[in-house]
Colleague: 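Next up is a structure, given as structure tokens.
Both ligands and their constituent atoms are indexed starting at 1 by order of listing.
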Amino acid sequence: MIVLKTEPEIARMREAGKILAALLTELAGMVQPGITTRDLEEVADRRIREAGAVATFKGQPGMVAYAPPYPAATCISVNEQVIHGIPSDRVLKDGDLVSIDCGVTLRGWIADAAISVIAGHARADVVRLLDTTRRSLMAAIEVATVGRRLGDVSFAVQQQAMAEGFGVVRDFCGHGVGKTLHEDPPIPNYGTPATGPVLRSGMTLAIEPMITLGSPQVKVKRDGWTVVTSDGKPAAHFEHTILVTDGAAEILTPWVL
Ligand code: MG
Ligand code: MG
């Protein structure tokens with residue numbers, strides 16, 4: 001069941017989204033060769049606490065039975081890691097592609113967003129991957145208006161990514177978000193136009209293209225969390241939580257890169 005949010009609920013999600021957007025903007029500015037992914041995590045954890053909010057991801061149950069509850073406020077995925085990378089002592093190197101995903105819960109309401117940035121100097125093909133992934137997210141948001149269908153949103157992502165010859169990850173997808181992190185509907189990054197649920201005002205959706213430079217096949221590492229590309233080639237991930245309105249969709253997590 002897709003839950004429509006009331007005005008007071010939306011106001012809280014908007015506030016959570018502002019905290020998250022400011023945080024991701026700050027973290028993007030920190031990414032450079034020589035820092036560790038844990039340095040980013042520590043800032044995220046501190047900023048969320050300072051804002052009187054809760055790190056949504058901490059304690060999330062794993063998707064495989066043997067995975068421990070998620071141990072951090074952020075997921076930081078480097079190069080061939082697509083999503084769910086766990087912050088560690090890993091030192092970022094020049095040219096690393098760094099995807100940062102984070103969730104903020106404020107007074108019970110959640111915002112979820114992600115960005116991808118490059119540490120230092122980027123390869124041209126990786127820059128194009130990032131640009132395309134980000135554009136695919138914006139294309140999806142553009143069609144997320146009342147009366148359109150979810151398949152239109154999914155197709156918008158797929159179309160942008162495939163036009164550039166990139167891979168669209170199929171094993172993971174976006175989702176509704178609100179009082180819980182993952183609500184209906186699932187939002188695949190591929191689909192058929194004019195199919196699926198009709199979008200209605202008050203829906204809050206986390207749209208999150210995961211796009212690969214090579215094959216879209218992925219696998220989960222032995223830690224039970226980290227998702228990597230099967231061919232070891234880089235992947236990018238961008239995400240916004242949006243609100244469907246009678247006009248253009250409102251981006252609740254307006255990070256700035
Ligand atoms: Mg996320
Ligand atoms: Mg999400």
Colleague: What residues form a side-chain hydrogen bond (donor to acceptor under 3.5 Å, both in side chains) with K233, not counting sequence neighbours?
Modeller: none

Colleague: Provide the full list of salt bridge (charged side-chain N to carboxylate O under 4.0 Å, His left out) pairs with a residue in residues 207-228, sequence neighbours left out, each pair given once.
Modeller: none

Colleague: Which atoms of the protein, restricted to N, O or S, are nearer than 2.8 Å to the Mg ion (ligand 1)?
Modeller: D101 OD1, D101 OD2, D112 OD1, E239 OE1

Colleague: Who are the side chain to side chain contact (heavy atoms under 4.5 Å, CB included) partners of A119, not counting sequence neighbours?
Modeller: V31, P33, L92, D96

Colleague: Is there side-chain contact between I83 and V218, with heavy atoms separated by less than 4.5 Å?
Modeller: no

Colleague: Establish, from distance only, whether the side-chain atoms of T74 and E41 form a donor-acceptor pair under 3.5 Å.
Modeller: yes

Colleague: Counting backbone and side-chain atoms alike, is an N, O or S atom of H182 positioned under 2.8 Å from the Mg ion (ligand 2)?
Modeller: no

Colleague: Which heavy atom in T253 sits nearest to a heavy atom in D112, and how many Å separate them?
Modeller: CG2-O, 4.1 Å

